[in-house]
There are 2 protein chains.
Amino acid sequence: MSTAEETAGGEAQPWGEVTPDAARRLLLAAVEAFAERGYHATTTRDIAGRAGMSPAALYIHYKTKEELLHRISRIGHEKAVEILRTAARAEGSPTRRLAEAVSSFVRWHAGGRTTARVVQYELDSLGPEARAEIVGLRRQVDAEVRGIIEEGVRSGEFDVPDVPGTTLAVLSLCIDVARWFNVDGPRTPEEVGALYADLVLRMVGAARG
Amino acid sequence: MSTAEETAGGEAQPWGEVTPDAARRLLLAAVEAFAERGYHATTTRDIAGRAGMSPAALYIHYKTKEELLHRISRIGHEKAVEILRTAARAEGSPTRRLAEAVSSFVRWHAGGRTTARVVQYELDSLGPEARAEIVGLRRQVDAEVRGIIEEGVRSGEFDVPDVPGTTLAVLSLCIDVARWFNVDGPRTPEEVGALYADLVLRMVGAARG
DNA sequence: GGGTGCGCTAAGCGCCCGCTCACCCTTGCC
DNA sequence: GGCAAGGGTGAGCGGGCGCTTAGCGCACCC
């Protein structure tokens, strides 16, 4: 691979796998537009315009507008699973791994807010087959977090009466960051990640710090 | 007032104030449609059809499709403020009031999921002036919750290093219920409300029941 | 019982949507 | 240089959108 897939800041460039170059530019333009206005309010003319192309160019690389959303959604969810899987399978106590999972997941939602917004909130705009595929990836996301919490309960580090419910709440908290996070706001993604990791450790009754 | 505004279950019928009857039927149809497909994917023909009317009937009661969304959003946000204000100003310790605020707010999001979904997720579909008005109501929502947490910190019941950040997280957790809650799922609104109240008390470091 | 006005409909206007098609450049191979 | 291939464009099709308008029917008042 000749181009770097990760920048120095740790922020992923997950679109490196998309070729050729024009297809990637269109995909990036679509992410921006979908995040700003939503899938249904975005026109193919707008996407093509942002990518510096004519409306027809879109259809050389993608069959439909929905295929664009599907591709974005799949790549984004794969990235989400990868982030959580890395944290879940790292070394260290469940407490440390849960904190790392939450803070890195939150950093991804805050830092790549445009992508995360599309990934998390435009699921219903997909057709049935595409949605079914993405729902499968979401189950993997849920399983990774639930796994860490279960381990912490077994080891006695956590005190969690309702593991599925708490898993849901933890993921919900992280995902909703994509809705409210503001790049020009007072908090950096790192700060929100640290705050949320602390709050989640409180939620599972873990000893902190 | 000849008709009841509240049902026995405590679930509000906040549309009682909308008159005449045809206007209310259209508003309810719009809530359903917006919640299901989103504002931009909903057509005025669909709304009118659900209300059993012709497309033109909509424009007798509302100037534009956006006015429908604006009205729904304002009524919904006013209800949200009312729920939190009631809990915040009740008697009892900050711990009790925070638990009541969270559980009732969650019950509203879960039970009236269609309304809550529109209220919480279609804000960006409003024009600038309408959005500005709604943002003001949101600030009131934030202030009510922050007020309870501040009181708990002052009284020594809570241990919260970052009050604005924790307020944000608590509200985020409650609001996101509207995204994931499923009426056919395993949990009732009451169960989710109780679970979330407990999780939030853990987040603020309060002694629990 | 005739007039008045309101709630509603049938029809349709103008616009812009997603998408297609015929054609045009550039590139690389012989 | 000839030529095939593929990325790109300009123009435009069919259709559905938000919204308007002309007119109808029914409840109500005198």
Side-chain angles (χ1 to χ4, degrees), chain A residues 2 15-73 118 122 124-131, chain B residues 2 15 17-73 118 122-131:
Chain A
S2 60
W15 315 115
E17 64 205 82
V18 181
T19 55
D21 185 68
R24 180 169 51 246
R25 265 159 51 220
L26 284 163
L27 210 80
L28 275 163
V31 169
E32 264 184 48
F34 292 163
E36 258 176 46
R37 304 135 100 101
Y39 174 77
H40 287 294
T42 299
T43 69
T44 54
R45 284 162 176 84
D46 181 24
I47 296 169
R50 285 173 194 248
M53 297 178 187
S54 77
L58 201 152
Y59 293 90
I60 296 162
H61 300 285
Y62 302 96
K63 237 171 51 188
T64 62
K65 179 179 151 189
E66 198 201 311
E67 193 193 324
L68 266 168
L69 178 60
H70 184 190
R71 289 269 255 267
I72 292 167
S73 198
V118 178
E122 296 291 354
D124 289 344
S125 303
L126 289 169
E129 311 132 46
R131 183 160 59 239
Chain B
S2 59
W15 315 115
E17 66 203 81
V18 181
T19 54
D21 185 68
R24 181 170 49 246
R25 266 159 53 221
L26 283 164
L27 210 80
L28 275 162
V31 169
E32 266 184 46
F34 292 162
E36 260 176 45
R37 304 135 99 104
Y39 175 76
H40 287 294
T42 298
T43 69
T44 53
R45 284 162 177 83
D46 182 25
I47 296 169
R50 285 174 193 247
M53 297 178 188
S54 79
L58 200 152
Y59 294 91
I60 295 160
H61 301 285
Y62 303 95
K63 236 171 52 187
T64 61
K65 178 180 151 187
E66 198 200 311
E67 194 194 322
L68 265 168
L69 178 60
H70 184 191
R71 289 269 255 268
I72 292 166
S73 198
V118 177
E122 296 291 353
L123 182 64
D124 289 344
S125 303
L126 288 169
E129 312 132 45
R131 182 159 59 239

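Naming: A, B, ... by sequence-line order, numbering from 1 per chain.
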Between which nucleotides of DNA chain C, 5' to 3', does chain A make heavy-atom contacts below 4.0 Å?
C:dC17 to C:dC21

Compute the angle between the rotation axes at the two ends of the helix from C:dG1-D:dC30 to C:dC30-D:dG1, each taken over five pairs, rounded to 10 degrees.
0°

So which heavy atom on B:A35 is nearest to which on B:V118, and how close?
N-CG2, 3.6 Å

Strand-adjacent residues in residues 24-44 of chain B, judged by heavy atoms under 4.0 Å from DNA chain D:
B:T42, B:T43, B:T44

Residues at least two apart in sequence or cross-chain that pass salt bridge (Lys or Arg N to Asp or Glu O under 4.0 Å) with B:R45, listed by chain then number, are none

Apply side chain to side chain donor-acceptor pair (under 3.5 Å) to B:S125 and list each qualifying residue two or more places apart in sequence or on a separate chain.
B:E122

Side chain to side chain donor-acceptor pair (under 3.5 Å) partners for A:R50, two or more places apart:
A:E32, A:E36, A:D46

From the 5' end of DNA chain D to its 3' end, which nucleotides mark the outer limits of contact with chain A, defined by a 4.0 Å heavy-atom distance cut-off (strictly under)?
D:dG8 to D:dG12

Can you list the residues that meet the side chain to side chain donor-acceptor pair (under 3.5 Å) rule with A:H70, with sequence neighbours excluded?
A:E133

Across all chains, not counting sequence neighbours, the side chain to side chain contact (heavy atoms under 4.5 Å, CB included) partners of B:S73 are B:H77, B:L126, B:I134

Is the charged tip of A:K65 near the ring of A:Y39: under 6.0 Å from the six-membered ring centre and within 45° of its axis?
yes

Listed in order of residue number, which residues of residues 52-64 of chain A have a non-hydrogen atom at under 4.0 Å from DNA chain C?
A:A56, A:Y59, A:T64

What's the shortest heavy-atom distance between A:S54 and A:A48, and which atoms?
O-CB, 3.4 Å

Scan for side-chain hydrogen bond (donor to acceptor under 3.5 Å, both in side chains) pairs involving residues 20-31 of chain B, sequence neighbours excluded, and state none if there are none.
B:D21-B:R24, B:D21-B:R25

Taking only distance into account, with no hydrogens and no angle test, what donor-acceptor pairs under 3.5 Å do side-chain atoms of residues 55-64 of chain A form with protein atoms, sequence neighbours excluded?
{"unit_1": "A:Y62", "atom_1": "OH", "unit_2": "A:A23", "atom_2": "O", "d": "2.8"}
{"unit_1": "A:T64", "atom_1": "OG1", "unit_2": "A:E66", "atom_2": "N", "d": "3.3"}
{"unit_1": "A:T64", "atom_1": "OG1", "unit_2": "A:E67", "atom_2": "N", "d": "3.1"}

Could you grab the distance from atom CD1 of B:I47 to atom CE of B:M53, nearest 0.5 Å is fine?
12.0 Å

Separation of B:E17 CD from B:L27 CG (nearest 0.5 Å):
9.5 Å

Give the minimum heavy-atom separation between A:A51 and A:L26, together with the two atoms involved.
CB-CD2, 3.7 Å

